[in-house]
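Inspection log for the structure reproduced underneath, given as structure tokens.
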Amino acid sequence: MKHITRRTFNSLTTKGLLGSTLLGSIPFVKGFTAGQKNKKLGIALVGLGSYSTYQLAPSLLETEYCYLAGIVTGAKEKEALWQEKYNIPNKNVYKYDNFDTIVNNEEIDVVYVVLPNSMHADFCIRAAKAGKHVICEKPMAISVAECDAIINACNENSVKLAVGYRMQSDPYTNEVKKYVREKTFGDVKFVSSDAGYISKGNTDQWRLDKSLSGGGALMNMGVYSIQTSIYGAGQNPIAVCAQEFSTRPDYFKDTDETITAQFKFDNGAVAHMMTSHNANGNRLKCHCSEGWFELDPAHSYGPISGITSNGDILKFPYKMQQALQMDDFAKHILMGTKNVAPGEMGKRDMIIVEAIYKSIAEGGKEQLLSLGDMGIVY
Ligand code: NAD
């Protein structure tokens with residue numbers, strides 16, 4: 001049979017010229033109209049650890065615009081289990097060292113990198129060079145320079161890029177973003193946000209190894225506090241100062257344990273964030289000129305819980321955040337809708353992470369930030 005390129009395939013499916021025999025088991029998007037691609041996008045997960053196993057793969061059974069088409073793993077024993085559970089053909093199973101041959105696989109449209117943080121840049125860049133759209137888990141990378149390298153690789157290869165910021169697709173989060181935008185409770189004056197948990201596992205886990213994690217609580221949970229501080233205030237900060245606290249140095253030998261930081265915003269709001277691997281925290285509270293609103297929990301897998309000074313209790317239908325997130329990205333690719341978590345957002349957060357570490361290194365000195373809006377719509 002003549003080889004069909006992705007472009008030809010998309011054009012033929014759009015015109016309805018490919019029959020079901022040729023298309024085999026590739027799933028279709030229900031209700032697509034003429035002019036839209038009607039193939040569900042095939043996603044390949046890279047790294048089959050805890051997050052892929054318990055969140056991403058199950059949520060890909062709920063997605064409407066994408067499905068789990070392939071896996072990339074270093075663990076031979078996982079291959080058969082995943083293939084059977086998710087109906088993945090042999091030709092869509094890759095190892096880390098033959099990953100680049102994914103360029104030849106027309107069934108994989110998106111590569112989702114779910115590896116330890118220091119491996120994100122390498123695999124995202126390789127995915128982009130293979131012509132695949134990219135989702136990169138948070139934190140996007142372990143330095144701003146790596147974020148730039150990922151963004152450039154995606155631009156050079158004309159593929160789309162998103163960060164795995166599931167909260168950007170969460171309905172509770174989007175409701176409070178609307179409060180901020182529409183000044184439902186007046187001007188935001190003070191934002192408080194916490195993101196942490198108590199780490200108890202083995203000390204040889206990669207999250208406690210700076211060479212793999214890039215840092216401790218700040219890299220792992222801190223990006224949630226940075227994000228909540230920003231969408232709580234409704235704009236990027238103009239300055240930050242930060243402090244670090246260490247109470248279990250024998251356990252946290254290589255990475256930060258607890259960090260607090262304060263942000264200033266151009267609209268007059270200020271924010272205080274706490275992130276920790278030694279204290280629980282999962283909250284956003286916005287104090288405004290005419291009331292307040294709160295999410296607690298604010299960034300766990302859901303459902304999120306929200307209340308306001310009006311006595312409202314927020315309630316939205318439950319769907320896995322990861323399913324909403326991956327569908328948002330698939331719709332961005334298929335229909336040109338807004339990319340709710342672009343690479344620039346991951347890079348912005350890494351600029352702030354680096355400024356926080358610099359402030360700590362300089363004894364809490366304020367660091368000025370020149371972020372502008374970085375093209376991110378709130
Ligand atoms: P994990 O330890 O459970 O899985 C990591 C995977 O990477 C494993 O399959 C492991 O075999 C593989 N791996 C390859 N090389 C490795 C190496 N040198 N050292 C260690 N593991 C190696 O981790 P996880 O919780 O699945 O996290 C993976 C990524 O997903 C991280 O970037 C993390 O920040 C992110 N994450 C995001 C969320 C979210 O809510 N968005 C939640 C959890 C994790």
Side-chain angles (χ1 to χ4, degrees), residues 43-60 70-79 81-82 93-99 111-124 126-127 134-143 146-147 150 162-170 173 195-197 199-228 254-256 275 277 282 297-304 320-326 328-329 340-341 343 345-346 349-350 353:
I43 294 194
L45 294 176
V46 187
L48 307 181
S50 155
Y51 194 55
S52 287
T53 303
Y54 301 111
Q55 301 300 325
L56 296 176
S59 65
L60 280 162
I71 49 175
V72 184
T73 177
K76 180 80 190 149
E77 70 280 6
K78 291 185 184 169
E79 292 177 5
L81 288 171
W82 278 68
V93 176
Y94 294 87
K95 301 182 192 327
Y96 297 131
D97 50 10
N98 71 1
F99 166 68
V111 165
Y112 194 154
V113 177
V114 201
L115 291 164
N117 309 338
S118 68
M119 301 171 75
H120 290 182
D122 180 32
F123 278 85
C124 288
R126 287 163 67 185
V134 179
I135 309 178
C136 175
E137 251 317 317
K138 49 63 50 181
M140 183 170 165
I142 61 169
S143 68
E146 283 191 353
C147 294
I150 297 172
V163 182
Y165 283 142
R166 58 190 159 76
M167 302 316 302
Q168 295 292 340
S169 298
D170 169 77
T173 304
Y197 63 85
S199 178
K200 292 178 182 144
N202 296 337
T203 50
D204 60 0
Q205 56 183 293
W206 68 260
R207 281 190 174 82
L208 302 180
D209 175 349
K210 196 172 175 188
S211 67
L212 286 166
S213 61
L218 184 61
M219 282 281 181
N220 186 24
M221 301 304 288
V223 289
Y224 291 107
S225 306
I226 290 170
Q227 289 245 318
T228 43
D254 200 24
T255 57
D256 45 281
T275 187
H277 274 167
N282 194 345
H299 44 70
S300 43
Y301 296 147
I304 299 303
M320 289 184 85
Q321 293 159 349
Q322 293 82 1
L324 296 169
Q325 169 212 324
M326 286 186 276
D328 272 347
F329 188 52
V340 298
M345 189 182 265
D349 295 348
M350 198 51 53
V353 162

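Values reported hereafter were calculated over all heavy atoms of this structure, with side chains retained and with hydrogens, waters and symmetry mates removed. Start at 1 and go down the list; that is how both ligands and their atoms are numbered.
- At least one heavy atom of Pro116 sits less than 4.0 Å from an atom of ligand 1.
- Contact check for Leu324 versus Arg166: no side-chain heavy atoms found under the 4.5 Å cut-off.
- Against a heavy-atom cut-off of under 4.0 Å, His120 is close to the following atoms of ligand 1: 32 (O).
- Of all atoms in ligand 1, numbered sequentially from 1 with element shown, those under 4.0 Å from a heavy atom of Gly164 are 41 (N).
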Report task. May I have the step-by-step check of side-chain hydrogen bond (donor to acceptor under 3.5 Å, both in side chains) for Lys138 and Asn117, ending in yes or no? Result -> CA-CA 8 Å; Lys138 49 63 50 181; Asn117 309 338; over 6 Å; no
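- A perpendicular orientation is assigned to the rings of Tyr96 and Phe123, their planes being inclined by more than 60° (bins at 30° and 60°).
- Scanning all protein heavy atoms for the shortest distance to atom 4 (O) of ligand 1 gives Gly49 CA, 3.3 Å.
- Under the 4.0 angstrom criterion, atom 29 (C) of ligand 1 counts as having a protein heavy-atom contact.
- When heavy-atom distances to ligand 1 are checked against a 4.0 Å cut-off, Tyr224 comes that close only through its side chain, counted from C-beta outward.
- Between the side chain of Asn282 and the backbone N or O of His299, at least one donor-acceptor pair lies under 3.5 Å.
- For the pair Leu48 and Val72, the tightest heavy-atom approach, listed with the atom from each and the gap, is CG-O, 4.3 Å.
- With a 4.0 Å cut-off on non-hydrogen atoms, Gln325 does not touch ligand 1 at all.
- Checked by distance only, ligand 1 and Glu137 come closer than 3.5 Å through their nitrogen or oxygen atoms.
- Here atom 31 (C) of ligand 1 lies nearest to Leu115 when heavy atoms of Leu115, Val114, Leu56 are compared.
- Checking atom 9 (O) of ligand 1 against the protein gives a heavy-atom contact under 4.0 Å.
- Using a 4.5 Å heavy-atom threshold, the side chains of Ser199 and Gln205 count as touching.
- Remark: ligand 1 atoms within the under-4.0 Å shell around heavy atoms of Arg166 are 39 (C), 40 (O), 41 (N).
- Residue contacts with ligand 1: Gln205 is excluded, as none of its non-hydrogen atoms falls under 4.0 Å.
- Counting only heavy atoms from C-beta outward, the side chains of Met350 and Glu146 never approach each other to under 4.5 Å.
- Residue Met219 places every heavy atom at 4.0 Å or more from ligand 1.
- Atom 12 (C) of ligand 1 has Tyr96 OH, 3.7 Å as its closest protein atom, hydrogens excluded (heavy atom only).
- Side chain of Gln325 to main chain of Val340: no donor-acceptor pair is present (N/O by atom type, distance under 3.5 Å, no hydrogens or angles).
- Side-chain contact between His120 and Met140 is absent, with no heavy-atom pair separated by less than 4.5 Å.
- Shortest contact from atom 26 (O) of ligand 1 to any protein heavy atom: Tyr51 N, 3.0 Å.
- Heavy atoms from other residues, nucleotides or ligands lying under 6.0 Å from OH of Tyr54 number 12 at most.
- Between Tyr224 and Ala195, the shortest heavy-atom contact is CB-CB, 4.0 Å.
- The proximity of Trp206 to ligand 1, defined as any non-hydrogen pair under 4.0 Å, is limited to the side chain.
- What sits closest to atom 19 (N) of ligand 1 on the protein, heavy atoms only, is Leu212 CD1, 3.8 Å.
- Taking atom 3 (O) of ligand 1 as the reference point, the nearest protein heavy-atom neighbour is Ser50 N, 2.7 Å.
- Proximity to Lys78 (heavy-atom distance under 4.0 Å) selects the following atoms of ligand 1: 9 (O).
- For atom 32 (O) of ligand 1, the nearest non-hydrogen atom of the protein is Asn117 OD1, 2.8 Å.
- Distances below 4.0 Å separate heavy atoms of Lys138 from the following atoms of ligand 1: 32 (O), 33 (C), 34 (O), 35 (C), 37 (C), 41 (N).
- Remark: the backbone N or O of Gly216 is not paired with any side-chain donor or acceptor of Ser213 at under 3.5 angstrom.
- Residue contacts with ligand 1 leave out Gln322, since none of its heavy atoms falls under 4.0 Å from the ligand.
- Residue nearest to atom 16 (C) of ligand 1, selected from Met221, Gln321, Met119: Met119 (by heavy-atom distance).
- Residues Gln168 and Ala341 share a closest heavy-atom pair of CG-CB, 4.4 Å.
- The two residues Asp349 and Ile226 have their closest heavy-atom pair at OD1-CG2, 3.8 Å.
- In terms of polar-atom proximity, defined here as any N/O pair under 3.5 Å, Ser52 makes no such contact with ligand 1.
- Residues Gly222 and Thr275 share a closest heavy-atom pair of N-OG1, 3.0 Å.
- Among all non-hydrogen protein atoms, the one lying nearest atom 25 (O) of ligand 1 is Arg207 NH2, 2.9 Å.
- Ligand 1 lies nowhere less than 4.0 angstrom from a heavy atom belonging to Tyr165.
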